[in-house]
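Accompanying notes for the structure given below.
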There are 2 protein chains.
Amino acid sequence: MPAEDGSRSRATLHEVAAQADVSVSTVSKVLNGRSGVSDETRARIEALLQDHRYQQRTAKRPAAPLIDVLCYEVDSPFGSEVVASIEQSARQRRIGMVLTGATEQSTPYEHWLDDVLRRQPVGVVLIACKLSADDRQRLRSRNIPLVMVDPAGTPAPDVPSIGSADWNGGYQATRHLIDLGHTRIGIITGPTDMMASTARLSGYRAALDSAGLSSEPELIRPGHFHHADGLEQGRALLQLPDRPTAIFASSDLYALGVYEAARSLGMTIPGDLSVVGYDDLRIAQWAGPPLTTVHVPLVAMAEQAVHLVMRLGDEPELAFSRIDIDTTLVVRASTAPIRAS
Amino acid sequence: MPAEDGSRSRATLHEVAAQADVSVSTVSKVLNGRSGVSDETRARIEALLQDHRYQQRTAKRPAAPLIDVLCYEVDSPFGSEVVASIEQSARQRRIGMVLTGATEQSTPYEHWLDDVLRRQPVGVVLIACKLSADDRQRLRSRNIPLVMVDPAGTPAPDVPSIGSADWNGGYQATRHLIDLGHTRIGIITGPTDMMASTARLSGYRAALDSAGLSSEPELIRPGHFHHADGLEQGRALLQLPDRPTAIFASSDLYALGVYEAARSLGMTIPGDLSVVGYDDLRIAQWAGPPLTTVHVPLVAMAEQAVHLVMRLGDEPELAFSRIDIDTTLVVRASTAPIRAS
DNA sequence: CTGAAAGCGCTTACAG
DNA sequence: CTGAAAGCGCTTACAG
């Protein structure tokens, strides 16, 4: 009974064959579920394989295809919806998705890339993350394609990226509030090193501009797409001497924070304050009141990302693509004409 | 320039060596980053490897260690928090987590297990899912340990599982409402084939019982842990002739649905209705008002799951463990004494 | 710095 | 049904 050698080195096919008193070929057949082995022999070999905790030491490529995904804040509503969408796209192609969470700096843990290289994935997808030039080079030298979704940091020119029409989204959100008669409109912006957030701010400014309104610095507040920022900056905005009557919270999480800020100050939404979010995550529908927000087509973005990363191997010229998918405004119950205020 | 043969079969080390006019050994060294190769030769070989999109066809074990996770509703707040916790535990051990979403029946897609076996993971973790006896046997015969977190379906006796103290949680939640003076307390229960949900219901009944209150069938409503169930059953409960003054929503998502139900009927929380949730997901804190709920220690459960699945290989006797981690009630702003009603 | 040779762990026709 | 033999794609001492 060689069952307890959990610590010793694993047996090889050869050793198992010797103990079973058969040839290596026969053991190989059993292992691979081939026919042409008597039931009795098969059973004996199966038992031995189990006892030894047999594991193959060399394997033929192609191994099971994998895709490596690095995601900023996987546990956030945004992260989890993107990841779920990517998983679905990968699953349809029978590709396994290896998921890793990023650090607070939107970068991977120290030796992440070593681990990725050992896995030999067919491709790598980054979500709201960045990667050092060094690491990008290592991927390139192994012919492992890289795609970024909503990249953080300064974008690398030769890495394809997928985003949404953020400028447009910011414009639509702000325009909607202007159309409702609001003239003092606050905004809570995202990290300055993400193109997605600066584009939203830019859209906000453009909308104000085209309506002949000025964008006032005191109405523009920074944050990191967290709920706590929404609460804090929301309270700050609402306590301004000449407070805004509407806030463009450039993420749904901000919007929930603003909801809480309004509640804590005894204001109702949309009666006293109109709020527009961004992303249209599931939580937007569940909020009280349901949130007017900019719909970001995460499912389509994920599908594009997987599609692109799969094709990049054969069509290197795609490396310079930059895909932006359209956003649409979804009007729900958190916005109302200003006279309601 | 053999760069465009994306369709042809990949080159072997041997072929690359021939073209580079060096021996196989030298190419092997370059590939593995060994020293003892001139810069010039190395560069020439690197270039060739790139051109050919060289990929290894056989690899030495141990390959990069993987853990396979199958999760019901990965995109739900519950699923994503569990998955993120498991990822963190796996990451600390430098193990890659392959994530797959389950179907609506809490089972994997048709050939999932084939894919898992090709990946040769060190272990498999199921979250709120079930697996056929056949598939379980196939895993066992390959010595791949299996652990279930909050299992669905009838539990298999020889598969270790991790859960939380659901009966206790149900009891605590109900007890809290009773202590506030409520006597008509509704409950929205989870799928009947999950032990976790029947245990919560059982705890609810026991709490009522110990307070001398009867549990009335019309106050017990079924659901599948979705927001929509909370809304629908919440409305049904609140429109009862003798409506409950408190609802134990046995998931946080239910609770948000109940919030919306109350809102749609013009009732306020906790003034007109007290609500207790279950899980203590992040959304519980973001709700308006912040939700009183039963805290489920997801991080600890995930850590236990990963820990267990790693040890099972060496200590098969652990296969019969059943671990339940303690729950605690977190009182926030959605519950109040009945006189407030 | 380079490569011939031995070796590893496996698979696969094919002869018996 | 079984296994000897050839082969595959790689790695690794070691001699030059």
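Hydrogens, waters and symmetry mates are skipped; everything else that's a heavy atom, side chains included, is used. We name chains A, B, ... by the order of the sequence lines, and we start the count at 1 in each one.
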- Message: Please name the nucleotide paired to C:dA4 by Watson-Crick or G-U wobble geometry with both distances under 3.5 Å, or report none.
- Response: none
- Task: Using a cut-off of 6.0 Å, state whether more than 12 heavy atoms not belonging to A:Glu317 lie near its atom CD.
- Result: yes
- Query: Under 3.5 Å, side chain of A:Thr103 to main-chain N/O of A:Gln105, donor-acceptor pair present?
  - Reply: yes
- D:dT11 phosphate, OP1 or OP2: any side-chain N/O from B:Ser28 under 4.0 angstrom? yes
- Nearest-Å distance for atom pair CG/C1', residues B:Asp39 and C:dC1: 11 Å
- Query: In whole angstrom, what separates B:His14's NE2 from D:dC8's P?
  - Reply: 10 Å
- Message: Any salt bridge linking A:Glu40 with A:Arg44? Criterion: basic side-chain nitrogen under 4.0 Å from a carboxylate oxygen.
- Response: yes
- Query: Side-chain N or O of B:Ser25 less than 4.0 angstrom from OP1 or OP2 on C:dG3?
  - Reply: no
- Task: Name the nucleic acid region contacted by A:Arg34, choosing base, sugar-phosphate or nothing; use a 4.0 angstrom heavy-atom cut-off, strictly under.
- Result: sugar-phosphate
- Message: On the nucleotide C:dT2, are OP1 or OP2 found under 4.0 Å from the side-chain N or O atoms that B:Ser38 carries?
- Response: yes
- Message: Measuring only the C1' atom in each nucleotide, how far is D:dG7 from D:dG3? A whole number of Å is fine.
- Response: 16 Å
- Task: Can you tell me the distance, in whole Å, between the CG atom of A:Leu13 and the P atom of C:dC10?
- Result: 4 Å
- Of the nucleotides D:dT11, C:dT2, C:dC10, which one has an atom closest to the side chain of A:Thr12? C:dC10
- Task: May I ask you to say whether B:Asp324 pairs ionically with B:Arg322, meaning some side-chain N is under 4.0 Å from a carboxylate O?
- Result: yes
- Let me know the distance between CG of A:Asp21 and P of D:dT2, rounded to the nearest Å. 12 Å
- Message: Less than 4.0 angstrom between a side-chain N/O of A:Ser23 and OP1 or OP2 of D:dA4, yes or no?
- Response: no
- Return the nearest nucleotide to the side chain of A:Thr41; candidates are D:dT2, D:dG9, C:dG3. D:dT2
- Item | Closest listed nucleotide, where the reference is the side chain of A:Lys29 and the choices are C:dG3, D:dT11, D:dG3 | D:dG3
- A:Gln19 and A:His52: side-chain donor and acceptor closer than 3.5 Å? yes
- C:dA13 - base-pair partner by Watson-Crick or wobble geometry, distances under 3.5 Å: none
